[in-house]
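Working notes for the structure below.
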Amino acid sequence: QVQLVESGGGLVQAGGSLGLSCAASGRTFSNYRMGWFPQAPGKEREFEAAIAGINWSGRGIYYADSVKGRFTISRDNAKLTVYLQMNSLKPEDTAVYYCAGTSGSGSIWHRQQEYEYWGQGTQVAVSS
């Protein structure tokens, strides 16, 4: 069973930055599509960013409109880690950020049901 562990959350002021990490177990990590799904207080968990595995030949990165130009998803397959660099943070970015992964090849990047593996989340709080 693949395990995902998020880290890097914290409390920052609006306009600041945070870098999140998601450490994975699994020898086939490089083939997994990985995503970040924040859940704001009182709201449903939503798609934010995803990055394809090495076996994907098309567009490899997707972002929610709300974070385009501010957040960057990346991965280091040798380190079995996916990252989310968050800049220009806003109070509405406050959420528990979940890391997820899938070994599947579905094309609906934002659909949570497609992701087999989930971390326990890391808290990001942005003060105004």
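This one's a predicted model, so the numbers in the text were calculated from it and none came from an experiment.
Between Glu46 and His110 the shortest side-chain heavy-atom distance does not fall below 4.5 Å. Using a 4.5 Å heavy-atom threshold, the side chains of Leu84 and Thr72 count as separate. The side-chain heavy atoms of Trp56 and Asn31, taken from C-beta on, include no pair separated by under 4.5 Å. Cys99 is listed as a side-chain neighbour of Val82, based on a closest heavy-atom distance under 4.5 Å. In this structure, Trp109 and Arg33 have side chains that are in contact, with non-hydrogen atoms separated by less than 4.5 Å.
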Handout entry: Chi angles and distances behind the side-chain contact (heavy atoms from CB on, under 4.5 Å) call for Phe71, Leu89
Key = CA-CA 9 Å; Phe71 292 7; Leu89 283 162; 3.8 Å; yes
Practice task
Go through the steps to decide whether Ile108 and Gln113 satisfy the test side-chain contact (heavy atoms from CB on, under 4.5 Å), and finish with yes or no.
Solution key: CA-CA 10 Å; Ile108 306 177; Gln113 289 184 338; over 6 Å; no
Problem - Steps toward ring pair (Phe, Tyr, Trp, His ring centres under 6.0 Å) verdict (Trp36, Tyr97) - result: CA-CA 7 Å; Trp36 288 97; Tyr97 282 73; 7.1 Å; no
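Between the Thr122 side chain and the Gly9 main chain, a donor and an acceptor come within less than 3.5 Å of each other. Checking side-chain atoms of Arg111 against main-chain N and O of Ser107 turns up no donor-acceptor pair under 3.5 Å. In this structure a side-chain-to-backbone donor-acceptor pair under 3.5 Å is missing from Ser66 to Ala64. No side-chain donor-acceptor contact under 3.5 Å links Gln112 to the backbone of Phe47. Side-chain N or O atoms of Thr102 include one that pairs as donor or acceptor with a backbone N or O of Glu114 at under 3.5 Å. Checking side-chain atoms of Arg70 against main-chain N and O of Gln85 turns up no donor-acceptor pair under 3.5 Å. At distances below 3.5 Å, not a single donor-acceptor pair connects side-chain atoms of Arg59 with backbone N or O atoms of Ala52. With Thr94 contributing its side chain and Val126 its backbone, the two residues share a donor-acceptor pair below 3.5 Å. For the pair Glu44 (side chain) and Gln39 (backbone), a donor-acceptor distance under 3.5 Å is absent. Panel note: side chain Asn77, backbone Leu80; no donor-acceptor pair is recorded below 3.5 Å.
Partner of Gln13 under the side-chain contact (heavy atoms from CB on, under 4.5 Å) criterion, out of Pro91, Ser128, Ser127: Ser127 alone.
If you take CG on Asp76 and OG on Ser30, they are separated by 11.5 Å, rounding to the nearest 0.5 Å.
Nearest heavy atom pair, residue Val67 against residue Glu48, reads CG1-OE2, 3.4 Å. Nearest heavy atom pair, residue Leu4 against residue Ala24, reads CD2-CB, 3.4 Å.
No more than 12 heavy-atom neighbours from other residues, nucleotides or ligands sit within 6.0 angstrom of CD on Gln120.
The existence of a salt bridge linking Lys68 and Asp65 is confirmed by a sub-4.0 Å separation between a basic side-chain nitrogen and an acidic carboxylate oxygen.
In this structure, Tyr32 and Tyr117 have tilted ring planes: the angle between them lies in the 30° to 60° band. Ring geometry, Tyr98 versus Trp118: the interplanar angle exceeds 60°, so the pair is classed perpendicular (tilted spans 30 to 60°).
For the 3.5 Å distance criterion, the side chains of Glu6 and Ser21 fail to qualify, holding no donor opposite an acceptor. Asn87 and Ser17 share a side-chain donor-acceptor pair at under 3.5 Å.
Ring to ring, Phe37 and Tyr115 are close: their centroids are under 6.0 angstrom apart.
Hydrophobic clustering (ILVMFWY, side-chain heavy atoms < 4.5 Å, transitive): Val124 and Tyr83 are in distinct clusters. Hydrophobic clustering places Ile61 together with Met86 (ILVMFWY residues linked when any side-chain heavy atoms are closer than 4.5 Å, directly or through intermediates).
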